[in-house]
Structure formats: C-alpha cells, structure tokens
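Only one structure is covered here, and it is reproduced in the block below.
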Amino acid sequence: MIRIENLTFSVGKFRMNKLSLSVAEGEYFVFLGMPGSGKTILLECLCGLNKPDAGKIYIDGKDVTGAEPRKRSIGYVPQDYALFPHLSVERNISFGLHRQGLSSDEISSRVEKYVSMLDIRHLLKRRVGGLSGGEKQRTALARALAIEPRVLLLDEPVSALDENTRESVCMELHSLQRELGITTIHVSHNLEEAFSVADRGAVLRDGSFEQIGIPDQLLHQPRNRFVAQFMRCANLYSGLAKGQGSEPDTTSVEVDGVGIVVPGKHHGNIEFIIRPENIQLQKSNKVKTENSDTKMPIRVDRISNRGTYIRLNCSGPLPIVVHMLHNSFREMALSEGDELSAVIPLRMIHVLDL
Amino acid sequence: MNQDKRTCITENVGRVTQKLKMGASLSLVLFIVSAFLGVIANVSEWGMLTHISAFIMWSSLPCYFIFSMLYISSNINGWPGRLFSVIIFFPLALFISLAFFLIITDAMYIDKAAVIKVLTSSFIRDALQLSIITSVTTVVIALIFAIPMGYALSRYRFPGHIFADTVVDIPIVFPPLVAGLTLLVFFSETGMGRWIQEDLGLEFVFQPRGIVLCQFIVSASFAIRSIKSAFDDVDRRLENVALTLGCSQWGSFFRVSLPMASGGIMAGAILTWARAFGIFGPLMILVGSFRGRTEVLSTTIYLEQSVGNLEVALAVALLLILVAMIALGTIRLLGGKALVRL
C-alpha cells in the first residue's frame, strides 16, 4: 500500500538516510522515536510537504514522490490538530469536501456519516476555539476521514490529551481503523500508546530505522542496545562467550565474573537483555528449576510502586531490575532488604545483534 | 456568622468596584460631551458656555483617571500590587491628557471666521478630496505589495532574508523630507528617472501621481511589517492540512492564510492610511502645493500657516483629525477585532 524506497532527506543538520519501508493495505503502522528522531519529518515526506532529496514513495502502487499533497489521497492529522480557527466545526469537516467539488447534498451526508461515527454531532455549529482537547482531536480526525483517503497519517494524535482520554481514544482509533480498513501511519513517542494501536511499528533514531517489527518483537527481541533501552529494558548486560553451555545450542557467557547460559551459539563479546517482567523470584533456595535456567541469589534494595506494577531494584552477583504485578507482590510480602533467589528461564534471555 | 460577614464584605467590595467603574465611565462621557460643547461654543463665540465647558472638561479628565485607577486597584490584593498598577497606569493617563490637551488647544484657538472659511472654500474641499483619493490609492497599492511581501518574508528562508527584512524597515527610519528629496533627484538627475518621466511619459514631479508615490514610499513599510507579523501568527500546519485536503498552494493561501491574517492586514492598512493621509514633507519637495491640482490637506496647513493664517491652518488641522478619527472609528467598527498591532 505504502512503499518507501531509499528515501533520503536532509534539513539543517538533520539527515534522513536511505529509508526503506513497506506498509500493507489496512495495516496500522506506528513510527516510534524520541523527539528529534525524524518521525514527523518522515510523515511530512509521505504527505508531500517535504520534498525528498532522493528515493521513491509509492502510495497504492503509484509513484507519488513528486506529487502535490492533494494528489496523494491522504488524510493528515498534524500535531495539535491544526483546526482552522476561522471556521466552525462543520466547515472544518467539510473543508476538503468543498474542494472535491461535491454537491451540497453529498457533502452533508458525508459530514453526517463521520460526525455520527465519531460522535461529535452536537459540536457542528461550535467554533473551534472553545473545544476541549478530545473534541478537537475528533474534529480533526473527521476532517481527515471525510475526504475518504486511502491512507491516514496521524502525527502524535493523542499526546495532547490527558492520560484517561488518551487510553480510550487509542482504543477508539484502533477500532475505527479496523472498521474502515484504512491504512494508517501513526507517529508517537509513547510506548503504551503505540502498543495499544499498532499492528507493526518502526523505531527511529537520528533519521534511520533501528528496527521494524510487530510490537512483541520490538519488546522482546530488540535488535540492539538502543531499541532495548527505548523499550525500557533495564537489564542489559555484556559479557564474553566461553563456549557451549550445559545444553546443545546454548552458550555460556561470563558477565563480571558470573556465568550465565544464553540461548544460541555465540563467540566473543556479546550483549543480551532480560525483560524485568520475565524474572521469577523465589523465597526459598531449594525450589527445583530446570537445568538450563539461570539462578542467582539477590537482595531487594529498593521497592517502588509504578502504578500498574511494582519495580524492584535488586543487587547480587549482577544488578537486576524486576517488575512484579501487585497481587504476586502482595503474596510474597516482600520488603526492602529481603534475600531471595531470582530464576531466569533460558528462553527469556535475548541476545542482541551486534 | 463568619461566613455571613465574609459574604457581606465581598458584596460591599463588589458594590464599591461597580461604583468606581460607573464613575470612570460617567467622567469619560462628561469629558467628551463638554469637550464637544466647548469647541462648538468657542467657534460660535459664546464666551460664558466656553468657560463653563472648559472647566467641566478639565475637571472630568482627572476624575476619569482617578476613578479608573481606583477601579483597577480595587481588584488587586495587597498594597505593592496596587502601587504597581497605579505606577503602570500613570504614563497612560499623562499621555492621553497630553494628546487631548493639544487637540483642545487647536480647537480653542480657531475662531468663527476660520471655520467658515474652511467649510466654504473650494480649495479646501479640493484638497480634502485629493487627500482622500491619494491616500486610499496608496493603501490599495501598498496592500498589493505588502500582502505578498509580508508572506514571503514570513515564510521563505532565502540567503539574505534578514537583509531583505531590514531593508523593508528603512523607509520607516528615513526622514520623510529626505524621501521627497531623493525622489526629486532620482527623477530629474538620473537616466532611469528621466527615462521614466520623459520616454515612458509617466510624470511624477508636480503631478498628483507623485503624491501617491511619496505616500507609498513613506508608508508601505508599516503595512509590510504588520502583515508579516500577521502571517507569522498563522501556523504553517494549517496550510499543510489545507494542502492535504485538496487545496493547491493558491487555494490554501486564499482560504486559510489570508482570512486568518485579515486582522493584521486591516491593521496594516490603517497604519498605512494614517501615515499617508498626514504626510507632507516629501510632497512639498516633489509635487509642490498647487491650489486645486496637487494640494492636499496636510500641505494646505503648511501653506496657510506660512502666510500667517494660523487660525485657518489649525481649523484645517482639526478637519484632518476629524476625518482621520471618523475613518479609524469606522474601520474599527467594521473590522470587528482588527486590532492595530506592530
């Protein structure tokens, strides 16, 4: 549906280098990245607002690299929505329809369709100035959808909303996208937001893709240190491969004098991660574990409540961060200073590509 | 009990505030009415009424400021805050008083004969007409230049755009008289100027056309400045969205940027017109002041005072101020929220 080939664009000191990507029809794709990573610039290239230095953009099989924005069949919702302040909500939504030269009957039925879909009929006669964040967001979405584009491009569509609205709007965005089956690209810097909507995503840094994949891959199998850190994985270790581990297709690695068995065959220096939520804690030392699992004694240094989970900063042979759900935390009745053992299942260790 | 007391105090304070506000409004109305009455009485040579009006006028103005100041500070908690507002307000009061004082001085100086002369002389009617025609033409031409220029300066980043931005301001700092002198030298001494005047047949020197040219040179910068800042305030993303919604670059300009900048454009037009209407230095040099041909109100004032008709000169000046105030007032009313911003 959307295909980018070797897209190159530079502005000031920023340089976007030879990006290639392909988004399938009906897919919900998320560009993830820190501010300044180039995700908005990439989106604007797709819109036709930036003229790329080299490379090609195809939408729906057509080469649109040099096409005007209006010829690309895109619906664009910029950051902060950019509603036209001099027009009413109704005129905002029908703005694109008037440009398409539709009859007034067609326009009103089209407006009606999308205002009822987004539940904003009561706002039609209002001016844009007095709308709340959520109302503005819906109006902007209705305006972009009303022209029935093939592709929907959303630039940080929910980051201006408060926490609660954001969650419900994300769910709504997702179901709306499913209902319309419209190919959507969504730019975001927020992990929860991205994971709640995305079919697939790309992590951007300094104008290049660090990794492209489904959310689960990005989370559990980050390709490199940057993606792992971006996915907020605190347990990142580097060590030296010492030869085969206790089982075939494993490698024994020495990290700061501690031996850990990791999956796969490796040589030399390697880096690996352990997701904090995949570590099991046990109070007694005598619990049976499988051979390949790594087991180490640890001490709970700090307990902090992060709202949806509990974060434990532990020390031991290696510093380690563990995330626990509230109910298991309560069951174990942990407190700071407790001595425990941590069990790390072999398959929960992921070795990074170097 | 305590609660009751507090409500009572709040209500009292509210009532006092309301009274102060009403006092300020009343004094302002009184001032304006007595000023008008005073001017009319003076021109009609009713000595007694003039004195009474003048007395009311000069006593209601300070009352207006005192009431306004008390009204403002009644909404502020704490003495440092009140003192701050009073000190901030004081220059405003002083400046307004000064402006009114000057206008009233003019108005009190003129006599019946001067007013009759101004109202009946055909040359003054001609000058007024020419003033209005030339200044409006100037505004139209200035807008034709300033809207694209303001947009270009606001949106495009080209090598030397800071230089271009600075050059636009030069006519503001240029003494108007020098502008006229330069134009005269240009048209009479340079090849290009002579070519325009003689070969092209576009004569500016001693022609009404020259008036518009002078006015344009000294006043267009105000429009450009104001319109540029109006376009600066139009978020680029709005234009971008319009582009994706089916507008061409032209469409997004006319449907989004221009309507949104209309306030600033109106303000620019007002500033340009006010400057063009009142300018006189360069006109005296480039086009002279020929009765019935190139004489505008501002040059009439100069001519009249130079032959000693101080009363007539001031009466014409009042006419100029009156026309300007009517025009500005009308535009403000029509333009709604079109505020003058620089």
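Proteins get letters first, then strands, A, B, ... in listed order; numbering begins at 1 in each.
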Discussion item. Tell me whether A:R91 at atom CZ has more than 12 heavy atoms from other residues, nucleotides or ligands lying less than 6.0 Å away.
Written reply: no

Worksheet entry | B:F95, CZ: over 12 other non-hydrogen atoms inside 6.0 angstrom | no

Item to complete: Please look at A:D80 and chain B and tell me whether the side chain, the backbone, both or neither of the residue comes under 4.5 angstrom of a heavy atom of that chain.
Response: side chain

Worksheet entry | Among A:G48, A:C47, A:P85, A:A144, residue most engaged with chain B (heavy-atom pairs, under 4.5 Å) | A:P85

Practice prompt. Tell me, for B:D235 versus chain A, whether the close heavy atoms (under 4.5 Å) come from the side chain, the backbone, both or neither.
Written response: neither

Discussion item. Between B:R255 and chain A, with a heavy-atom cut-off of 4.5 Å, which part of the residue counts as in contact: side chain, backbone, both or neither?
Written reply: both

Worksheet item: Of the non-hydrogen atoms in A:P78 and B:R237, which two are nearest, and what is the gap between them?
Response: CB-CD, 3.7 Å

Fill in: Engaged part of A:I147 at the chain B interface, taking heavy atoms whose separation is under 4.5 Å
side chain

Fill in: Closest heavy-atom pair and its distance - A:R99, B:C247
CD-SG, 3.4 Å

Discussion item. I'd like to know whether CZ of B:F145 has more than 12 heavy-atom contacts from other residues, nucleotides or ligands below 6.0 angstrom.
Written reply: no

Response to the item:
In terms of heavy-atom contacts, B:L238 and A:A82 come closest through CD2-O, 3.1 Å

Item to complete: Please step through side chain to side chain contact (heavy atoms under 4.5 Å, CB included) for the pair B:V241 and A:F84, ending with a clear verdict.
Response: CA-CA 9 Å; B:V241 170; A:F84 303 127; 4.1 Å; yes

Fill in: Atom CZ of B:F100: over 12 foreign heavy atoms under 6.0 Å
no

Practice prompt. Measure A:L87 against the heavy atoms of chain B and call it side chain, backbone, both or neither at under 4.5 Å.
Written response: neither

Fill in: Under 4.5 Å from any heavy atom of chain B - which part of A:Q100
neither

Worksheet item: Can you list the steps and then say if B:V256 with A:F95 is a side chain to side chain contact (heavy atoms under 4.5 Å, CB included)?
Response: CA-CA 10 Å; B:V256 176; A:F95 187 91; 4.0 Å; yes

